[in-house]
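Comments concern the structure below.
Worth knowing before you read on, the calculation uses all heavy atoms, side chains too, and leaves out hydrogens, waters and symmetry mates.
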Amino acid sequence: MARGSRRGPYICGIDAGLDVVSGKWKGLILWELDAHRVRRFAELRRGLPGVSEKMLTQHLREMEQDGLVEREVYAEVPPRVEYSLTEHGRTLNQALGPLGAWGVDRICREGSEKVDVAEASHS
């Protein structure tokens, strides 16, 4: 497993966990890969409306370094690259489940808007 460049010192476990998922898109990348198991770059980008190519690339590289995401390159023309969660990434996604449930409750409580990803990716 690759080692990330971020290694503390940390104040607590939450600090260490947030270090790995910091950034607007990392939690959503985890969610998208968990829901679909394997995604190509363009599929990930369509599933995350608003993410730039540069930011998605940067986050995927960091997540690969942290051992959360596996990148598989197939020797084809044109080359095919697929991303999936590692076991470590799946356990992080499971740990974030209660936070997601809390967020859904908050959306309902606050009356906030929720993006329809299927609709947003077709516009």
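- Scanning all heavy atoms of the two residues, the minimum distance from Thr91 to His88 falls at OG1-O, 2.8 Å.
- Judged by the 6.0 Å distance and 45° axis criteria, Arg39 is not positioned over the aromatic ring of Tyr83.
- Under the 4.5 Å side-chain criterion, counting only non-hydrogen atoms from C-beta, Glu70 is not in contact with Glu64.
- In the displayed structure, Glu113 atom CD is contacted under 6.0 Å by at most 12 heavy atoms of other residues, nucleotides or ligands.
- Leu18 places a side-chain heavy atom less than 4.5 Å from the side chain of Val21.
- Note that OG of Ser52 and CD of Gln58 are 8.5 Å apart. Values are rounded to the nearest 0.5 Å.
- A distance of 11.5 Å separates CG in Leu30 from CD in Gln94, rounded to the nearest 0.5 Å.
- Arg61 CZ: 12 or fewer foreign heavy atoms inside a 6.0 Å radius.
- In this structure, CG on Leu28 lies 11.0 Å from CG on Leu33, to the nearest 0.5 angstrom.
- For the atom pair Glu32 CD and Leu56 CG, the distance stands at 10.0 Å (nearest 0.5 Å).
- The backbone N or O of Ile107 lies less than 3.5 Å from no partner atom in the side chain of Glu110, so there is not a single donor-acceptor pair.
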Exercise for review: Starting from the C-alpha separation in whole Å, work towards a yes-or-no answer on salt bridge (charged side-chain N to carboxylate O under 4.0 Å, His left out) for Glu62 and Lys26.
Suggested key: CA-CA 9 Å; Glu62 289 174 5; Lys26 287 184 181 178; 2.6 Å; yes
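- No path of Ile, Leu, Val, Met, Phe, Trp and Tyr side chains, each step under 4.5 Å between heavy atoms, connects Tyr74 with Val38, placing them in separate hydrophobic clusters.
- Under a hydrophobic clustering in which Ile, Leu, Val, Met, Phe, Trp and Tyr are joined whenever their side-chain heavy atoms come within less than 4.5 Å, directly or via other members, Val81 and Ile29 fall into the same cluster.
- Taken from CG in Leu44 to OG1 in Thr57, the straight-line distance is 10.0 Å, to the nearest 0.5 Å.
- Ile14 and Leu96 fall within the same hydrophobic cluster, defined by Ile, Leu, Val, Met, Phe, Trp and Tyr side-chain heavy atoms under 4.5 Å apart, directly or through other members.
- A donor-acceptor pair under 3.5 Å is formed between the side chain of Arg90 and the backbone N or O of Leu85.
- Note on Leu60 and Val73: same hydrophobic cluster, where clusters join Ile, Leu, Val, Met, Phe, Trp and Tyr whose side-chain heavy atoms are under 4.5 Å apart, directly or indirectly.
- With hydrogens and angles disregarded, a donor-acceptor distance shorter than 3.5 Å links the side chain of Asp15 to the backbone of Ile11.
- At a threshold of 4.0 Å, the pair Glu82-Arg71 does not count as salt-bridged, since none of the basic side-chain nitrogens sits closer than that to a carboxylate oxygen.
- Side-chain atoms of Val69 and Thr86, non-hydrogen and from C-beta on, never get closer than 4.5 Å to each other.
- A distance of 11.5 Å separates OG of Ser84 from CG of Asp34, quoted to the nearest 0.5 Å.
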